[in-house]
Amino acid sequence: MNRKTLVLPAVVGLLTPVLAACGGSNSGSSSSDAIVVGTTDGFTATKDAPAPIDPAYSYDVGGWNILRQTVQTLMSQPKGEGDPVPDAAESCSFTDSGSERYACKLRDGLKFSDGNAVTAQDVKWSIERALRIKSDSGVYGLLTNIDTVETQGDREVIFHLKTADATFPYKLSTPVAGIVNPKDYEKDKLRDGFDIDGSGPYTFKADVKNDELVSATFTKNPNYKGSVKVNNEQVVLRSYKDADAMGQAIDKGDIDVMTRSMSPAQINKLGAGTDKNVSLVDMSGLEIRYLGFNTDAPSVKAKAVRQAMAQLINRDELVAKVYGQQAEPLYSLVPASVTGHSNSFFNKYGNPSVSKAKSLLAAANITTPVKLTMHYTTDHYGPATKQEFEVLKQQLNGSGLFDVSIEGTPWSTYQTSERKGAYDVYGMGWFPDFPDADNFLAPFLDKDNFLKSPYANNRIINTLIPESRREADRASAAGSLTEIQDDVANDVPVLPLWQGKQYVAARDDITGVAYALNSSASLQLWELGRGSSS
């Protein structure tokens, strides 16, 4: 059956996807075959980043989508969104009224994939390892509020936090908090290459050529004990150089499922329902795109320059020209569907205005046109990224106030160059670590921010973020969260552009497709199966 299956956007934590792709055709292989999933995510071990899938290093959606299948965490995000649920843990909870002491009890009989027991000491070792290594990806920042980790016997782990943090259960569901086997990982050094050993739903085998992961085979782990049901025996993840190559693979039947990132043209074509064997599922997503600034760089050090860019960029035009109905304008780092969102950039700047931007620059004695280069990655966020930056360039240069050039770089070098401060202005995407407003703000603005940004707002760091985290009822944190967003709109260390939907295409004999991605763009390969569904 060919149709576009729509999963309506949900209020985070309240609604769940309710429809799945229909099957029933004879396309695809027999039920005994591995399900083959395509992606344009690239995985490369480089001199600057030799350990791309070590939990203590990995901090991009592609790497995490490998780790979530293989390395188990105490908590996990359920397929229907909502609060995290115990996975490696049997139970977890705050044991004090101040949200500063969090205790977990491991499931009985938990084992690594090699059959060795998983103990509370392994959990403590893994968490402390990530904090000790402090990799330059910045992922350890998710755990820096941990003061000490205590164990009681082999099954109890107690986290003592420096300050109250109602989002801590979510942080324990992220791969940096993954439990690794101490016999396979050094405590002070990252594990180079593409080997993974854990206690997650699958074991992992990598096919590597020239330091690049070509494909990965996930085989059901017989020792896994956790919260998810694995609906297949084996999944193969294949990496393609671009969306066209991935699209050709699904047309030929070489792959069963196509994930990120498809091109807007592919999505439109599949959405029309003209393909007899492949259906498209769209679902709510929390992906955002933004411009980041090296606020110490001479070209954008003056706040007025960044404010002028915020005043000029026409998000409606950008989305219409490049993404159509697949995205919508965003006026905050926090997506509109997440509790605590505020349209802070629109509230401050309103509609695009050349005259207002000119006044901002004139008041700061900035000579125009302001010359700068905007950088983007050529192969990480989809094929439309170049077009997006061409539109941004046209908008800024069309004002007469800027002289902008654009430059594209492959992701394998782009991310390390950005962290080293090589770019004054750069485009990035964010797929949240967990669906809470805190995770759209703190990773960019707190100490040890993952962008390595020199921007530091002491009021945000020392008062507003801690204040917001004290609220277990996240709606009650709205006041602090709004103030953070207003400060970002005023200082513009980052400039939000748009938020997008997410899509999966699958051949019609594949089931569970509507749950293959959660709102944080996390692959849940265990949901996929073969056979018809309705």
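None of these values were measured; they are calculated from a predicted model.
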task = Test N116 against K183 for side chain to side chain contact (heavy atoms under 4.5 Å, CB included), laying out the working first.
result = CA-CA 10 Å; N116 288 330; K183 79 178 185 64; 3.5 Å; yes
message = Tell me which pairs pass ring-ring contact (aromatic ring centres under 6.0 Å, His included) where either residue lies in residues 222-281, with sequence neighbours left out.
response = none
request  = Check whether any side-chain N or O of N439 sits under 3.5 Å from a backbone N or O of P432 as a donor-acceptor pair, and report yes or no.
outcome  = no
inquiry  = Checking S227 against S76: is there a side-chain donor and acceptor pair closer than 3.5 Å?
reply    = yes
task = Dump the intermediate steps for side chain to side chain contact (heavy atoms under 4.5 Å, CB included) on M374 and L396, then the final yes or no.
result = CA-CA 11 Å; M374 297 197 305; L396 293 170; 4.0 Å; yes
query = Sub-3.5 Å donor-acceptor pair from the side chain of D256 to the main-chain atoms of V36, do we have one?
reply = yes
task = Specify whether W411 and H380 have parallel, tilted or perpendicular ring planes, treating 30° as the upper limit for parallel and 60° as the lower limit for perpendicular.
result = parallel
query = Does atom NZ of K452 have more than 12 heavy-atom neighbours, drawn from other residues, nucleotides or ligands, at distances under 6.0 Å?
reply = yes
query = Using 4.0 Å as the upper bound for N to carboxylate O, is an ion pair formed by K241 and D379?
reply = no
task = In plain terms, say whether D254 and R238 are close enough for a salt bridge, that is, a side-chain N and a carboxylate O under 4.0 Å apart.
result = no
key: Side-chain (T40) to main-chain (S261) donor-acceptor, under 3.5 angstrom   = yes
ask   = Can D54 and R129 be counted as an ion pair, charged N to O under 4.0 angstrom?
value = yes
message = D136 vs K420, test: salt bridge (charged side-chain N to carboxylate O under 4.0 Å, His left out). Steps then yes/no.
response = CA-CA 9 Å; D136 62 5; K420 292 177 179 178; over 6 Å; no
task = May I ask you to test the T144-L131 pair for a side-chain heavy-atom distance under 4.5 Å?
result = yes
inquiry  = Centre-to-centre under 6.0 Å for Y185 and W125, is that the case here?
reply    = no
Any donor-acceptor pair under 3.5 Å from N231 side chain to G529 backbone = no
ask   = Where do Y59 and W64 land on the ring-ring contact (aromatic ring centres under 6.0 Å, His included) test, with the steps shown first?
value = CA-CA 7 Å; Y59 204 12; W64 274 23; 5.5 Å; yes
ask   = F204 and F194: aromatic ring centres closer than 6.0 Å?
value = no
request  = Using only heavy-atom distances, determine whether the side chains of S279 and D508 contain a donor-acceptor pair under 3.5 Å.
outcome  = yes
query = Q69 side chain to N65 main-chain N or O, any donor-acceptor pair under 3.5 Å?
reply = yes
ask   = Does the pair R530 and I35 meet the rule for a side chain to side chain contact (heavy atoms under 4.5 Å, CB included), with working shown?
value = CA-CA 8 Å; R530 287 197 187 273; I35 295 171; 4.2 Å; yes
ask   = Are any non-hydrogen side-chain atoms of N294 and E418 less than 4.5 angstrom apart?
value = no
query = Is a side-chain donor or acceptor of Q502 paired with a backbone partner of T259 at a separation under 3.5 angstrom?
reply = no
request  = Report the C-alpha distance between S405 and T373 in whole Å, list the side-chain angles of each, state the deciding distance to 0.1 Å, and finish with yes or no for side-chain hydrogen bond (donor to acceptor under 3.5 Å, both in side chains).
outcome  = CA-CA 5 Å; S405 59; T373 300; 3.0 Å; yes
message = Could you check whether N232 and Y202, counting side-chain N and O atoms only, form a donor-acceptor pair closer than 3.5 Å?
response = yes
inquiry  = Measuring only between side-chain heavy atoms, which start at C-beta, is F218 closer than 4.5 Å to V236?
reply    = no
query = Within the distance-only criterion (no hydrogens, no angle test), does the side chain of S137 pair as donor or acceptor with the backbone N or O of Y57 below 3.5 angstrom?
reply = yes
inquiry  = Side chains of R474 and T339 only: does a donor on one sit below 3.5 Å from an acceptor on the other?
reply    = no
inquiry  = Less than 3.5 Å apart, any donor N or O on the side chain of N268 or Q326 sitting next to an acceptor on the other?
reply    = yes
query = Does the ring center of Y426 lie less than 6.0 Å from the ring center of F293?
reply = no
query = Are Y376 and Y381 an aromatic pair by the rule of ring centers under 6.0 Å?
reply = no
note = Hits for side chain to side chain donor-acceptor pair (under 3.5 Å) against D184, two or more places apart or cross-chain, chain-then-number order -> none
query = Would a distance-only check, ignoring hydrogens and angles, find a side-chain to backbone donor-acceptor pair under 3.5 Å from T274 to L270?
reply = no
ask   = Can you check whether F345 and Y331 have ring centres sitting under 6.0 Å from each other?
value = no
Aromatic ring proximity, centroids under 6.0 angstrom, W498 and Y290 = no
ask   = Is any side-chain heavy atom of I250 closer than 4.5 Å to a side-chain heavy atom of R507?
value = yes
task = Say whether, by atom type as modelled, one donor and one acceptor occur between the side chain of Q395 and the main chain of N314 under 3.5 angstrom.
result = yes
query = Hey, does P84 have a side-chain heavy atom less than 4.5 Å from the side chain of Y170?
reply = yes
task = Indicate yes or no: at least one non-hydrogen side-chain atom of M309 is less than 4.5 angstrom from one of L372.
result = yes
key: Option among E388, E328, K501 that satisfies the side-chain hydrogen bond (donor to acceptor under 3.5 Å, both in side chains) test with Y323   = E388
key: Side-chain donor/acceptor of N181 to backbone N/O of D197, under 3.5 Å   = no
query = Is it the case that more than 12 heavy atoms not belonging to K189 sit under 6.0 Å from its NZ atom?
reply = yes
key: Heavy-atom side-chain proximity of Y414 to T378 below 4.5 angstrom   = no
query = Crowded around E317 CD? As in, over 12 foreign heavy atoms under 6.0 Å?
reply = yes
ask   = Taking side chain as C-beta onward, heavy atoms only, is Q266 less than 4.5 Å from Y503?
value = no
